[in-house]
Amino acid sequence: MKIVETIQEVRTEVKQWRQQGLSVGFVPTMGYLHEGHRSLIDRAVAENDRVVVSVFVNPMQFGPAEDLAAYPRDLEHDAAICKKAGASLIFHPQPEEMYHSDFSSYVDMDTLTGGLCGKTRPTHFRGVCTVVAKLFHIVAPDRAYFGQKDAQQLAVIRHMVSDLNFNLEVVGCPIIREEDGLAKSSRNTYLSEAERKAAVILSQSLRAGEALLDAGEQRADVVCRAITDKINSEPLAKIDYVEAVDWNTLEPVETIDGPVLVAIAVYIGKTRLIDNFIRP
Ligand code: PAF
């Protein structure tokens, strides 16, 4: 497995694979890889001849008051995970390689990005779409793998791929959880011991919502209220949002009877965590 830092090196590798008729899978990440990322890489390795993993903490998707400088990084650890999983190439560019000094072109989306996480992170999806579009151009994969934990991101990327005619398949992969139910996230490392215990309230509250749906409840406000009440029972938790939205349009729904995303964002102390379930 190679680690390269330049766009040219990625293109040279991928060109050689293409000349041999090999298929290419791509897993974009911001590094500090955990079992959630590992599951994406495993799937990519199973479905493609070669797999590229990008490790790039993308400054453009962080707001001014967000955790860019503090975002955890460990390339050696990431490389070990990628190698063990069978990835072929890590692309680890410096910010200057991705954004030259007079960079001024962006991918903006009018729909899907204003609600949920977009409400408190108004420039986030512009940064995500721009970097992912660039990475898609650089790697030119057959398939790209994204986790359902960032469900809004998955919906946004699918929409961008359709709007801009990227010639690739976006593969959504299930949420990977800790034993107690907490969704795996690089940001879990910010949690103190007490906060880590409290963070289990996210998945527990979603299970409470799902139990209501299983019992036949369809009113979105009733389900969201139950989730909200459960989260509020944890003193260290502060809700950013609890919402039920149409899984295609991400517009709020009143009734949970089609493909619906029930998504939450919750501060545990200073750390903002997200989780969700999709009702088909
Ligand atoms: O999900 C992430 O880690 C990032 O948003 C992504 C897709 C790698 C873009 O920087």
Side-chain angles (χ1 to χ4, degrees), residues 5 7 10 25-41 43-44 51-63 66-75 77-78 81-82 85 87 89-99 103 106-109 112-113 116-118 120-139 141 143-161 164 166 168-176 183-190 261 263 265 271-276:
E5 292 205 347
I7 293 167
V10 178
F26 177 45
V27 183
T29 81
M30 297 208 300
Y32 217 71
L33 305 183
H34 49 66
E35 284 93 334
H37 299 108
R38 173 71 199 253
S39 74
L40 304 182
I41 303 169
R43 176 105 180 248
V51 170
V52 180
V53 179
S54 62
V55 174
F56 178 58
V57 183
N58 173 34
M60 199 190 283
Q61 70 191 71
F62 288 78
E66 291 179 14
D67 55 344
L68 173 62
Y71 199 85
R73 293 159 166 89
D74 187 347
L75 184 62
H77 165 83
D78 293 346
I81 290 186
C82 290
L89 186 70
I90 292 182
F91 177 41
H92 178 243
Q94 295 305 309
E96 311 76 62
E97 179 70 4
M98 293 298 282
Y99 302 113
F103 185 89
Y106 302 89
V107 179
D108 271 317
M109 192 174 289
L112 304 187
T113 57
L116 303 175
C117 292
T120 47
R121 306 185 75 192
T123 57
H124 175 67
F125 288 107
R126 169 192 242 219
V128 170
C129 286
T130 302
V131 81
V132 172
K134 283 170 67 66
L135 290 165
F136 283 173
H137 283 306
I138 293 163
V139 179
R143 292 172 203 87
Y145 296 80
F146 293 85
Q148 189 202 298
K149 184 175 80 70
D150 292 311
Q152 186 175 16
Q153 170 171 280
L154 174 59
V156 164
I157 297 298
R158 281 204 169 118
H159 195 72
M160 179 186 79
V161 162
L164 301 184
F166 282 99
L168 58 90
E169 182 193 347
V170 174
V171 183
C173 301
I175 299 174
I176 305 296
K184 301 253 183 192
S185 165
S186 306
R187 291 192 164 97
N188 292 348
T189 53
Y190 298 156
L261 165 70
T271 306
R272 185 175 173 282
L273 300 176
I274 55 174
D275 201 350
N276 68 75

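Indexing begins at 1, ligand by ligand and atom by atom, following the structure's order. Just so you know, these numbers come straight off a predicted model, no measurement behind them.
Closest approach of Ser39 to Ile176, counting heavy atoms only: OG-CG1, 3.4 Å.
Under the 6.0 Å distance and 45° angle rule, Arg43 does not count as a cation-pi partner of Tyr145.
Of the listed options His37, Gln61, Met30, Gln61 places a heavy atom closest to atom 9 (C) of ligand 1.
Counting protein heavy atoms only, atom 1 (O) of ligand 1 is closest to Gln153 NE2, 2.8 Å.
Counting heavy atoms under 4.0 Å from ligand 1, residue Ile157 does not touch it at all.
No side-chain donor-acceptor contact under 3.5 Å links Asp67 to the backbone of Arg187.
The pair Arg121-Glu66 meets the salt-bridge criterion, with a side-chain N (NZ, NE, NH1 or NH2) lying under 4.0 Å from an Asp/Glu carboxylate O.
By the 30° and 60° cut-offs, the orientation of the rings of Tyr32 relative to His77 is tilted.
Proximity to Val131 (heavy-atom distance under 4.0 Å) selects the following atoms of ligand 1: 9 (C), 10 (O). Against a heavy-atom cut-off of under 4.0 Å, Thr29 is close to the following atoms of ligand 1: 8 (C).
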